[in-house]
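So you know, we letter chains A, B, ... as the sequences are listed, proteins then strands, and number each from 1.
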Amino acid sequence: MLLKLDNISFKYPNAETHVFEGLSHHIDEPGFHALFGPSGVGKTSFAKILCNEIKAFTGQIHTEDIETILYSYNLERLPGWSNVGDHIAKITPPSHVEKSEVLVECFGIEKCLNRRFAELSLGQQNRVNLLRYLLQDFNVLIMDESLANVDELTREKIILKVKEMFPDIIFLYISHNIVEVSKFCRQILVFRSIPKNPQTLLVKGQDLAMGQTLTKKDHELTMLEIMNAS
Amino acid sequence: MLLKLDNISFKYPNAETHVFEGLSHHIDEPGFHALFGPSGVGKTSFAKILCNEIKAFTGQIHTEDIETILYSYNLERLPGWSNVGDHIAKITPPSHVEKSEVLVECFGIEKCLNRRFAELSLGQQNRVNLLRYLLQDFNVLIMDESLANVDELTREKIILKVKEMFPDIIFLYISHNIVEVSKFCRQILVFRSIPKNPQTLLVKGQDLAMGQTLTKKDHELTMLEIMNAS
Amino acid sequence: MLHRRLYQFLIIYSLGLSGLFLIKYTLNLSNYVIPGPANLWATCREVWLRYFFDTGDTLAVAIIGHITSTCLAIFVGIVGRQATWVGSFVKVAAYNVQAYPIVALAPIIFILLGDGFISRLLIAAMICYFPILLSVLGIMAEPVVDIEHFYRITGRMRWQLEIKIRAFENMNKLITVIAGSATLAMAGTIVAEFIAANAGIGYSIRIALYQSDLSKILIALFLIGLSLSVYQGLLEFSGYLAKKKWEVPKGGIV
Amino acid sequence: MLHRRLYQFLIIYSLGLSGLFLIKYTLNLSNYVIPGPANLWATCREVWLRYFFDTGDTLAVAIIGHITSTCLAIFVGIVGRQATWVGSFVKVAAYNVQAYPIVALAPIIFILLGDGFISRLLIAAMICYFPILLSVLGIMAEPVVDIEHFYRITGRMRWQLEIKIRAFENMNKLITVIAGSATLAMAGTIVAEFIAANAGIGYSIRIALYQSDLSKILIALFLIGLSLSVYQGLLEFSGYLAKKKWEVPKGGIV
Amino acid sequence: DPSVEVTYRLKWLFNTSVVGDLYAKDYGFFDKAGLSVTIKEGGPERDAIKELELGYAQFGVASADQVIRARSKGAPVVVIAQLFQVNPLQWIYRADTMTVKNISDLKGRTVGITYGGNDETIMRTLLAKENITEQDVKLFSVRYDYTPFYQKKVDIWPVYRNSQGITVGDKLRAEGEEIGFLDPAGFGVKFVANSVVTSEKMLKERPEVVKAFVTALIQAWEASLSPENEQKALKLLEKYDKDTTADVRKRQLALTAGFVKPSPGVRIGTIDLSAWKQTEDIMLKLKQIPEPVKVEKAINSSMMEKSK
Ligand SMILES: Nc1ncnc2c1ncn2[C@@H]1O[C@H](COP(=O)(O)OP(=O)(O)OP(=O)(O)O)[C@@H](O)[C@H]1O
Ligand SMILES: Nc1ncnc2c1ncn2[C@@H]1O[C@H](COP(=O)(O)OP(=O)(O)OP(=O)(O)O)[C@@H](O)[C@H]1O
Ligand SMILES: [Mg+2]
Ligand SMILES: [Mg+2]
């Protein structure tokens, strides 16, 4: 399994400066990989390059054993003509129905199923949206602030459960929560504003899994490392 | 200065259960007041009741020395026909121009001014949107996850600056970040899911101001208190 | 809603009529140019029942034409929305046909279809489908990114779904256009009857025009306006029900 | 874009013509029902220059009518968008006027305005403004909450701003409708000339109809379609430029 | 001495039927009479009588049924000259499939009429004369489009003999078909066609203008139809009626002359009072007017006579 970016450069058509210049990175194992960095540094653009929504970049993307890259973000909406439960039922392949039930419970959205998407709170909307992506077949899922409006307790619960249920998937987790990324991610790709060189630094995270306990000291060290990197 | 809610009950027209039942609360001093609680508990609904967007509730709202309550949230957009700088210039009263310059610098959005809103990253959009509210005349500002997509460093900088610049304003700060609310808010109104009684609990926060330092111990205690409350 | 539409129509009609009477009496015109109230009333008693049924006829054809053209417009709009060659071709075809005044096309239509019901229906539909088409084209060409993204990236997007999403998100606009174009269906049917039929209120208007009988025309206009108000009121009411069914209540009403 | 519109029109016209010829020769219809190619060609050589200038005349009036009716529709749409009594009254009035076929209104229009340029313009505008009106009504009635919220809660909302926001957010739809309704402006002008004027291609069509000369009508239709394709192509190109100016590039094109 | 400006609203488009009117303008007859005349084309949506009242026109051409209807509704319209002595409205048919020697020959045929038009009035009168009811013939609603006739769905179709009578006839002949015409006058129905009208007010307040106008107009008509002026008249028509070929215009002119001046002894413009009365009778019988209008009161021949 390999996701490799080689010497990527990109500039928005009407912008003066580049978002990336000669950025390279590679991921070769499943798990949670954070994309971290100050707002406006290019995390979303990076994600869009990966999932082919942005095409006007230079450089190569190379993949091995990866068929489907999905990209979810926190502003998505569900269509309004059916309630959330029906929508989920509709987009769930038969083989994933069981998974769906487990996830609904863990995400705490049972009460949302018979309501329409527009009738949910922001955090509920976030969860419902992420859930439907998890019910697809994929190798890589980019979560662009997908849980940004969910409370921390629920978020932790979700991350742990997802890590347990999808051990073979590469998750690219975009979040501004340093506590969280250092705690749950295997590695953290820290983006730095463009004059800084290199443009990215890689930090090893605590990669906490369900049932494990965190050493406070190590966690704080990771956080410090991330902070120094950015 | 007084913002008093008395025995508020509210249910969405097509929902089975109440969001609030007999909720009371009062705020009588300026500063940052957090609204905290699990996703879907009713924070946004609470804010909408305060700013009169939801009208179908029972109970009384009583204010003293409060003329204008503003409500900002993280999904707002600016119109597309002018760039951000022009828009801000247009909605800034002459007396606040200086304030505008200070805030733009502190928010780190100088580079965004000559771009259009749709060309900004999510966190940049959040900041631009909050900024324009701060340039109005108001007594209460509700910030409903207004900075949810901004990185933590920038967010801290913004909160500290705002606290310093607007000492006479009541801010109702809705956020899922427990570290942040316990650190910067004067008090935290913790919403609890409806079967729990009472429906809200009040926790005193660290209310950190610019130049002050935080006692780690106290901070952790506050966080613990909040966690226990919810 | 219906009720309001009706009395607003009555106000408008009365205003128009008063305006005509005003002109008549200021310029001292004869009943031939503008009929007086007595004249109008006499004509009304004479023809209203016949005209009433004629209008009913016309309305029935108009409703069928309206439905036909709504389907037609949605179909053409869906095909024409695509940025492909075929899409733009269909669009150009639809536009061009529209540019030709019906009077010029009528001979060709009659050659092809005879002068029966079908020709009338076609003419009615042709006149009323265009506004719907334009709206459908505008709506269908504009992606609803935040909803469509999921379907697109997971490879689930089908054209039917795309249409459903865009139509649903713009339901209010579609309802406005469809309900509004009822007026054109009515006008179209009348024009069709005017140039083709032996029945309906358009036919009666043609005879009245030949006889320079403005009283009859005024009565016909009254009945047309009335029946249209009813039809449109009902359409708007259904639209309102549909909207209500799908709308998300915000707790904004006390 | 313009180029494509033109040759697509030529294809459509050729298809239509071939269809007619096909019918003619299959059903063995005589030249007076459907003229043969030789007949058509002779007529073409005889009238094309005159018809060409006539069409130019008509196009000029149509453009003025198009501009007028766009302004009119936007005006009525803006007033009628309000959920107030006046708003719904204006809407009902606008709808009712539309329901009356022009032929029935023409006598009244001529009584009021004589048969000069103004009457013709009015008729052309009346025919073309309705689709724009419906779209404007649909667009203006629907709030863009995420943008409007700020203005509303800070008490800065003015109706002009509201209109600006909604129009801007729906620019694509508006451009589609305005460019599309050019066809109706053309059709409207032709109808107006047909019943009122003594110039323009509508007048020529009327004469051809009275002379029962289908060849002339076919040639007129050709010139109408051609000039319309040019006009509409230009409109769409301006629309494209406007869109490009305001669109946010997403980095999606290589 | 500045000339008097007046507007003259015709009943129909510029074609051979209005040759005298155009002649008066283009060859200076109106100028000589001290009049500056604007001639406006007519059409189905045009009504000269209404324009007289509204002041949009001072003179106009209207058909007799229009005049009678207007009078019955109190319009102050006066007939000052009758342009057509014979109504050019006839019915065309394919002579190789039928002939109309008697009205009863129409039995079992599909007959085209314009509902509401004066051809309906004339045809109903013809049929009533022979006691033919609507069961005996099939009436077909006619519009400007000839397709049903061309497709032989309708056997006999109303035309103006001097205009479409020629063009439509030519089309059929070109395909080798024989044509024939049914002329109502041949069966004793004299329904007056186009006449020159003005308002009572005009006649009362500016009789000299009316007189000058009628005189000039009639002189022009006489001139336009006299054989020595044929080339001048045809040149005029070429200018105003570009959509008709020279050959057709020439034949139309000859036919028109026959309707306007059936014999050398008849002075153009002569008002045929008995025909007017018959016209009124017919309309009364068919309930097109509620009560008699005494059409003679609407007729003023004096303008014509004095001009001698
Ligand atoms: N329009 C609506 N109709 C029915 N129920 C609604 C509607 N909007 C919100 N709700 C429900 O009301 C409850 C409170 O919603 P609210 O948006 O106030 O939550 P919140 O505390 O802001 O949550 P979050 O942190 O996720 O934003 C939720 O359970 C939500 O599902
Ligand atoms: N369409 C666009 N045109 C021009 N510039 C753009 C466009 N979209 C984004 N940008 C700019 O590109 C840079 C990277 O944006 P991006 O959205 O990738 O940032 P991000 O890291 O996701 O930030 P955030 O954490 O705030 O979401 C930003 O400075 C932004 O202003
Ligand atoms: Mg982003
Ligand atoms: Mg919320």
Side-chain angles (χ1 to χ4, degrees), chain D residues 23-24 27-36 38-39 42-43 46-47 49-51 53-54 101-116 119-120 123 191-199 201-217 219-220, chain E residues 7 9-10 12-15 17 38-51 53-57 92 94 142-153 157 159-160 163-177 179 240-246 248-249 252:
Chain D
I23 292 171
K24 177 182 168 71
L27 300 185
N28 196 17
L29 296 176
S30 47
N31 278 332
Y32 58 68
V33 183
I34 296 175
N39 203 300
T43 313
E46 185 195 327
V47 299
L49 194 69
R50 193 152 51 82
Y51 276 22
F53 287 111
D54 284 350
I102 288 297
V103 278
L105 287 183
I108 299 174
I109 292 176
F110 294 145
I111 288 178
L112 298 179
L113 299 175
D115 66 339
S119 292
R120 277 150 62 191
I123 292 173
V191 169
E193 288 169 349
F194 195 86
I195 55 184
N198 29 33
I201 195 72
Y203 173 74
S204 301
I205 289 180
R206 178 168 68 167
I207 292 174
L209 276 178
Y210 287 129
Q211 294 181 341
S212 190
D213 197 336
L214 195 56
S215 333
K216 280 185 186 165
I217 291 175
I219 289 156
Chain E
T7 297
R9 168 67 76 185
L10 300 180
W12 204 245
L13 306 177
F14 289 155
N15 65 11
S17 296
T38 308
I39 301 187
K40 287 188 172 175
E41 285 181 280
E45 278 77 25
R46 293 268 166 263
D47 190 329
I49 299 175
K50 284 183 180 167
E51 299 199 0
E53 261 194 70
L54 289 162
Y56 295 147
I92 188 171
R94 293 181 173 80
V142 157
R143 29 184 195 268
Y144 54 79
D145 167 41
Y146 284 78
T147 310
F149 178 64
Y150 288 157
Q151 293 178 315
K152 303 188 177 145
K153 277 190 198 152
W157 193 273
V159 289
Y160 282 97
S163 55
Q164 300 117 316
I166 292 178
T167 49
V168 172
D170 283 355
K171 282 176 197 279
L172 297 194
R173 279 206 206 90
E175 301 293 314
E177 289 171 332
I179 55 164
Y240 284 102
D241 185 9
K242 294 195 178 71
D243 275 292
T244 309
T245 60
V248 171
R249 284 194 295 256
Q252 284 180 338

Using side-chain heavy atoms (C-beta onward) and a distance below 4.5 Å, is E:Glu175 in contact with D:Asn31? yes

Identified side-chain contact (heavy atoms from CB on, under 4.5 Å) partner of D:Tyr32 from the options E:Leu172, E:Val168, E:Asp170: E:Leu172

[X] side, atom [atom1]; [Y] side, atom [atom2] - distance, nearest 0.5 Å:
X	Y	atom1	atom2	result
D:Leu29	E:Gln151	CG	CD	7.0 Å
E:Lys171	D:Asn39	NZ	CG	7.0 Å
D:Leu209	E:Tyr146	CG	OH	10.5 Å
D:Tyr210	E:Thr167	OH	OG1	13.5 Å
E:Leu13	D:Arg206	CG	CZ	4.5 Å

Of the backbone (N, CA, C, O) and the side chain (C-beta and beyond), which part of E:Ser163 lies under 4.5 Å from a heavy atom of chain D, both, or neither? neither

Please classify the contact of E:Asp243 with chain D as side chain, backbone, both or neither, using a heavy-atom distance under 4.5 Å. both

Tell me every residue that passes salt bridge (charged side-chain N to carboxylate O under 4.0 Å, His left out) with E:Arg94, counting only those two or more places apart in sequence or in another chain. E:Glu177

Under the salt bridge (charged side-chain N to carboxylate O under 4.0 Å, His left out) rule, collect the residues that match up with E:Glu53, sequence neighbours excluded. none

Can a side-chain donor-acceptor contact be found between D:Ser212 and E:Gln164 if the only test is distance below 3.5 angstrom? no

Any side-chain to backbone donor/acceptor pair from E:Lys242 onto D:Arg50? Under 3.5 Å, distance only. no

For each of D:Ile207, D:Leu27, D:Val47, tally heavy-atom pairs with chain E at distances under 4.5 Å, and name the one with the top tally. D:Ile207

